[in-house]
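Here the structure is a predicted model, which is why all the values come from computation and not from measurement. Naming: A, B, ... by sequence-line order, numbering from 1 per chain.
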Protein chains: 2
Amino acid sequence: MSDDAHTLIAARLRGSGQSYTPGRRVLVESLVRAGRPTTMAELLSLSPGLAQSSAYRNLVDLESIGVVRRVPGGGDLSRYELSEDIIGHHHHMICTVCGVVEDFRLPTTAENRLETGLIEALGRAGFRAGAHRVDVFGTCAGCDLAADPADAAV
Amino acid sequence: MSDDAHTLIAARLRGSGQSYTPGRRVLVESLVRAGRPTTMAELLSLSPGLAQSSAYRNLVDLESIGVVRRVPGGGDLSRYELSEDIIGHHHHMICTVCGVVEDFRLPTTAENRLETGLIEALGRAGFRAGAHRVDVFGTCAGCDLAADPADAAV
DNA sequence: CTACTTGCAAATGCTTTGCAGGAGA
DNA sequence: TCTCCTGCAAAGCATTTGCAAGTAG
C-alpha cells in the first residue's frame, strides 16, 4: 500500500505544480505510522526537524489535493489523517477518557444500510447527501480496564 | 416544550448552585429560535446586549450541566446547540456550499440498526460504545437550486 | 532564471481569564 | 454579607502569514 500511495501523492502534487518534497514525505509517513487521526503536536514529534509552519502549510497543500483530511476529535485540537482515497472509508471512535481517536470500519451491509437511510432521510428535507462521518464516543480498551480492573481478571 | 425546558434548566442550574439569569435565558432562547447549531457570532446577534465573554462563560456553564452541547461544523467555527436531553437525539447535515448546519432525524428502525451495528463493530475492538454522532455533508435545498436552477422549473 | 519550499518570527482570530463593579439571597 | 454574575480589557493558544533565504528544474 505504501508504495502506491506515495506514487499517487507524487502524481497529484505534480498535477498541481507542486512536488513531493522531503517535508511532505515525512508528514505522510508520520500519518501512516500513526495509523490514526493525529494532532499537530504528535505529528511534529513524529517528524523531527520539520518546522511547525511548514507542517501546517504542507498539510493545507495535501488537503487541497485530497491526500489529507482534517477531522474533529473530542476536544479542541484538530487532527489530521490520510484521506479515504488512500486508507479507505472508515469511521472514528473517540475515547472520552484519554481522548485518543481510532479508526474502525462498519461491515459492508451495515454501511450500505446507513448510507441508504441517510440519503432517504435527507432527500425528504431537500438535502442532497454526499459523504458522511460517524463518530462514536466511549471508552477504549485501555481506559476501560483502568477504570474497572475487575474485568482484567475474567 | 419551551416551558418544560426552562424549568429543567432552572432546576439543573439550582442544583449546581447557580441561577437562571437573564443572560443565560437569552442564550437558551436564542438557541431555541435558531433551531440549529449556532455560531458564537450568530448567538451574539440574536442576544443583543450580551457581552461576548458572558456568552462564552454561560455556554461553558450550560454545557457543564448538560444543557448545551458544542458541535463541530464544517469549518473552523464552533457551534452550540441545546443538548439531546432537551431537543432529542438527532444528527447533522452540513451544507458544503454555504456552511449551514441543520438537524435531521433518522427513522427509529434505521437509528436502532445503526446503534446495534456500532456496538457490535466496536465491541470487537474492545471499545465500549456510548453516544454517537452522524454528520452528512452535501448541498442544502437553497444552494442546490442556486447551483442548478433548472431544477426549479420541474 | 523562475517558481516552489522552508524556517523564523510576527500577526490573526477565536476563546479564555483577571479584575472590579453590580445584583440577588 | 457573601456568592454569583456581568462587562471590559488583557491574555492564551492554535493556526496562518510575511519575508528573506534556500533549492530544484
For A:Ser53 and C:dC8, is the shortest distance between a side-chain N/O and OP1 or OP2 below 4.0 Å? no
Look at B:Tyr56 and C:dT15 and indicate whether a side-chain polar atom (N or O) is within less than 4.0 Å of OP1 or OP2. yes
To the nearest Å, how far apart are [X] [atom1] and [N] [atom2]?
X       : N      : atom1 : atom2 : result
A:Leu59 : D:dT15 : CG    : P     : 10 Å
B:Leu62 : D:dC5  : CG    : C1'   : 13 Å
B:Tyr20 : C:dG24 : OH    : P     : 17 Å
A:Glu42 : D:dA14 : CD    : P     : 13 Å
A:Leu44 : C:dT6  : CG    : C1'   : 14 Å
A:Asp61 : C:dT5  : CG    : C1'   : 9 Å
A:Leu13 : C:dA3  : CG    : C1'   : 15 Å
B:Leu50 : D:dC8  : CG    : C1'   : 13 Å

For DNA chain D, whose closest nucleotide is more 5', that of A:Arg70 or that of B:Ala51? B:Ala51
Indicate, with a heavy-atom threshold strictly under 4.0 Å, whether [X] touches base, sugar-phosphate, or nothing.
X       : result
B:Arg57 : base
B:Thr21 : sugar-phosphate
A:Gly49 : sugar-phosphate
A:Gln52 : base

Go through the steps to decide whether B:Glu111 and B:His132 satisfy the test side-chain hydrogen bond (donor to acceptor under 3.5 Å, both in side chains), and finish with yes or no. CA-CA 11 Å; B:Glu111 187 68 46; B:His132 64 263; 2.8 Å; yes
Looking at C:dT6, D:dT15, C:dT5, which one has an atom nearest to any side-chain atom of A:Asn58? C:dT6
Salt-bridge contact B:Arg70-B:Glu63 (side-chain N to carboxylate O under 4.0 Å):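 Salt bridge: no.
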Is a donor on one side and an acceptor on the other found under 3.5 Å between the side chain of A:Arg12 and the backbone of A:Gly66?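 At least one qualifying donor-acceptor pair exists.
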Is there a donor-acceptor pair under 3.5 Å between the side chain of B:Glu81 and the backbone N or O of B:Leu31?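 Here the side-chain-to-backbone pair does not exist.
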I need the A:Leu27 CG to A:Tyr80 OH distance, nearest 0.5 Å.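 Separation between the atoms: 10.0 Å.
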Report yes or no: is there a donor-acceptor pair, N or O only, under 3.5 Å between the side chain of B:Ser19 and the base of D:dC4? no
